[in-house]
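Heads up: numbering here begins at 1 and tracks the sequence. From a predicted model like this one, the values you see are computed outputs, not experimental measurements.
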Amino acid sequence: MPYISDFIVDFLYRLNVRSFFGVPGHQTLPLYDAIYRRRNEVNHYLFHHEYAAGFAADAYSRVTNRIGVVDVTYGPGLAYLMPAIAEAYNASIPLLVITADTDLGIIYTKYERGNVSQGVDVLSLVKPITKRQIMLTNVNNVNEALKQAIVIALTGRPGPVLLDIPNDLFWKELSDGELSNLFIRSSYVNPLFAEYPPYRPTVSEYECQSLVKVLSNAKYPLIIAGGGVHISQAWYELKSFVEYLKVPIVTTLSGKGSIPEDHELYLGVIGSLGGWDSANKAIEMADLVIAIGTKLGQYATDNWNNLKGKRIVRIDIDPEEFERGFPEDLSLWGDVKSVLNVCLTYLKQQNMSFNFKWDLSMLNVLKGEWYSRVMKLSEEYIFIKVMVELNRIIAENDVIVTDASSSSGISAAFLNIKYSTDKPFRRFITPRGMAGLGYGVPGGIGAMIGCIEKFRDKCNRVIVVTGDGGFGYAISELETIKRLNIPLIIIVLNDQALGWIKVEQEKLLNGRIISSTFLSTNYAKIAEAFGIRSYVIEKPSEISNVLKEAYSIKEPVLVDVHGESYVPFKGLS
């Protein structure tokens with residue numbers, strides 16, 4: 001006998017969902033049974049921890065621009081997933097979170113909270129970190145519930161939506177007639193929702209005229225591109241817009257990779273975490289900032305300091321972001337790809353030209369000074385040397401996934417992301433929504449699954465950069481990697497510490513180090529115990545050969561790099 005899960009799997013399949021991530025429990029077993037019946041068409045990926053499954057679904061969504069689907073069981077399953085939901089919520093990544101609940105007849109009775117095994121108020125638990133929480137109360141409403149969940153998750157500013165299914169509804173067996181009736185009621189699934197964004201609100205010609213007026217009064221305009229460029233898939237439009245205006249561009253950490261990093265107008269990552277000197281100096285010089293798809297958050301703006309006194313134009317799909325943090329001369333509401341396309345078309349039609357003061361020699365000096373500093377730092381810090389050597393190896397179809405903390409900053413500051421002009425997609429993934437440790441390894445798994453599913457021969461290698469602190473959260477997922485034969489390259493920056501915290505204690509607390517250091521651990525041997533090829537790097541002279549060999553192996557590889565803590569954070573590094 002079929003369950004409503006058979007309908008759910010079919011509904012999502014028609015929206016190009018081929019991958020489910022999660023950890024099973026009694027209440028959700030009917031979902032697994034439905035996936036089993038469609039096992040030749042869809043896959044379910046089992047993880048050892050719910051938050052790892054959530055991080056994988058998050059990274060999968062970032063690479064494919066499809067909704068990530070993660071399932072967990074009632075109570076602790078959902079509680080363990082919370083960090084991943086919060087990451088997706090703050091980073092504007094759409095997830096469909098399918099969770100179970102106790103029986104519908106018990107919910108909101110005296111037996112439900114505490115007396116029921118694993119009892120928890122599911123909807124209240126996730127309310128602050130989801131766009132919507134939907135409880136299914138009737139199997140006949142599952143079609144409407146799914147449609148509502150998908151629409152809310154993908155439209156406007158994307159984000160996670162929870163679909164909560166009580167245990168007795170999950171396990172209710174449907175007759176063939178009941179299931180057929182559900183399919184008849186869902187005879188049409190809008191194909192627009194197979195990828196995001198499904199709708200692209202845009203600006204008027206009048207608003208483009210307003211942009212021209214602001215630009216006409218600028219001498220040193222600068223573009224800041226954020227993660228919204230990737231969400232909108234606006235890589236071509238951004239590049240064309242930058243090249244038409246002939247103004248320099250910088251990115252946030254989340255926006256890194258939205259334009260070729262060898263582009264003559266690109267000056268690097270902005271801000272206090274992982275910021276390039278060239279980008280931060282350009283911000284100092286700028287008199288106008290065009291912020292595209294970015295929250296202008298704390299790190300990008302150096303604690304909301306580096307844009308003070310600047311004129312600002314904001315392009316964003318979320319009107320709640322306008323005027324947040326800084327006054328704006330012009331706020332353009334709409335989808336980034338569409339807004340850039342409309343305004344660029346207007347600029348070309350009007351044959352607009354501007355008398356900006358930037359010149360390429362000035363930009364080359366800024367970048368040259370930064371690259372010189374990078375090379376000097378690479379001789380002092382082995383972790384930076386690893387990034388420099390990686391730059392010589394990685395190809396334009398490779399994807400970099402970082403963990404949180406210093407590994408994200410080191411990667412942002414010292415890795416140069418190659419850009420495929422053939423088929424661009426998000427190639428730098430870093431958890432800046434909540435910045436929780438443990439994202440790197442499961443994020444790498446999800447990114448690899450997404451790459452293979454959507455791009456196949458266009459996808460090359462996925463490289464994970466994590467610290468030993470973050471890696472410790474996800475060691476059990478080495479079994480997942482081996483079981484699924486995911487050909488990740490995992491680079492562990494092993495400083496035997498929570499490096500960021502240790503450096504802060506050294507520099508801010510006069511060396512009073514407590515509870516921030518670990519025993520020396522050979523992570524290569526741990527990986528080998530899981531059947532994964534591994535290497536140890538202890539000297540700079542070993543880096544080049546080891547990375548080249550690791551890169552050439554089309555199977556899971558771990559590289560354990562032993563070195564000194566380095567934090568690419570302003571005031572600490």
Taking [X] for its side chain and [Y] for its backbone only, find out whether a donor-acceptor pair lies under 3.5 Å.
| X | Y | answer |
| --- | --- | --- |
| W235 | S258 | no |
| S405 | S407 | no |
| D403 | V465 | no |
| R461 | Y551 | yes |
| K131 | R157 | yes |
| E328 | I312 | no |
| R66 | K454 | no |
| W276 | Y371 | no |
| N391 | F414 | yes |
| T345 | N341 | yes |

Pair E549-Y535, side-chain donor/acceptor within less than 3.5 Å = yes

Is any side-chain heavy atom of [X] closer than 4.5 Å to a side-chain heavy atom of [Y]?
| X | Y | answer |
| --- | --- | --- |
| Y346 | L211 | no |
| P83 | M434 | no |
| W500 | L437 | no |
| L347 | L245 | yes |

key: ring pair (Phe, Tyr, Trp, His ring centres under 6.0 Å) between F569 and Y299, intermediate numbers included   = CA-CA 9 Å; F569 190 86; Y299 284 163; 5.3 Å; yes

query = Yes or no on ring pair (Phe, Tyr, Trp, His ring centres under 6.0 Å) for Y381 and Y566, after CA distance, side-chain angles and deciding distance?
reply = CA-CA 7 Å; Y381 294 98; Y566 179 83; 4.6 Å; yes

task = List the steps, then state whether side-chain contact (heavy atoms from CB on, under 4.5 Å) holds for I290 with V214.
result = CA-CA 10 Å; I290 305 173; V214 176; over 6 Å; no

How far does [atom1] of [X] sit from [atom2] of [Y], to the nearest 0.5 angstrom?
| X | Y | atom1 | atom2 | answer |
| --- | --- | --- | --- | --- |
| K507 | N510 | NZ | CG | 13.0 Å |
| T294 | I224 | OG1 | CD1 | 6.5 Å |
| L296 | E321 | CG | CD | 8.0 Å |

task = Assess whether salt bridge (Lys or Arg N to Asp or Glu O under 4.0 Å) is satisfied between D287 and K219, documenting all intermediate values.
result = CA-CA 7 Å; D287 59 357; K219 295 181 179 179; over 6 Å; no

query = Which is it for R324 and K295 under the side-chain contact (heavy atoms from CB on, under 4.5 Å) test, yes or no, and what are the steps along the way?
reply = CA-CA 8 Å; R324 181 178 290 183; K295 296 181 291 187; over 6 Å; no

key: Chi angles and distances behind the side-chain hydrogen bond (donor to acceptor under 3.5 Å, both in side chains) call for K548, N545   = CA-CA 5 Å; K548 287 178 182 177; N545 289 338; 5.2 Å; no

inquiry  = Between N494 and V561, is the side-chain contact (heavy atoms from CB on, under 4.5 Å) condition met? List the steps.
reply    = CA-CA 6 Å; N494 184 355; V561 185; 5.8 Å; no

Step-by-step ring pair (Phe, Tyr, Trp, His ring centres under 6.0 Å) determination, F356 to F354 = CA-CA 6 Å; F356 302 140; F354 302 94; 5.2 Å; yes

note = All heavy atoms of G275 vs all of W370, minimum pair found to be O-CH2, 4.1 Å

task = Heavy atoms only: give me the nearest D560-Y523 pair and the separation to one decimal.
result = OD2-N, 3.0 Å

request  = Please check if atom NZ in K310 has more than 12 non-hydrogen atoms from other residues, nucleotides or ligands closer than 6.0 Å.
outcome  = yes

task = Begin from the C-alpha positions of Q505 and S516 and carry the test side-chain hydrogen bond (donor to acceptor under 3.5 Å, both in side chains) through to its verdict.
result = CA-CA 9 Å; Q505 289 173 337; S516 61; 2.8 Å; yes

request  = Evaluate the salt bridge (Lys or Arg N to Asp or Glu O under 4.0 Å) criterion for residues R427 and E261: first the C-alpha distance (whole Å), next the side-chain angles of each, then the deciding distance (0.1 Å), finally the verdict.
outcome  = CA-CA 12 Å; R427 286 183 163 80; E261 297 203 343; over 6 Å; no

inquiry  = As a quick check of understanding, evaluate side-chain contact (heavy atoms from CB on, under 4.5 Å) for E87 and D58, giving each step before the final call.
reply    = CA-CA 8 Å; E87 169 63 35; D58 173 289; 3.9 Å; yes

query = Under a 4.0 Å N-O cut-off, is there an ion pair linking R392 with E389?
reply = yes

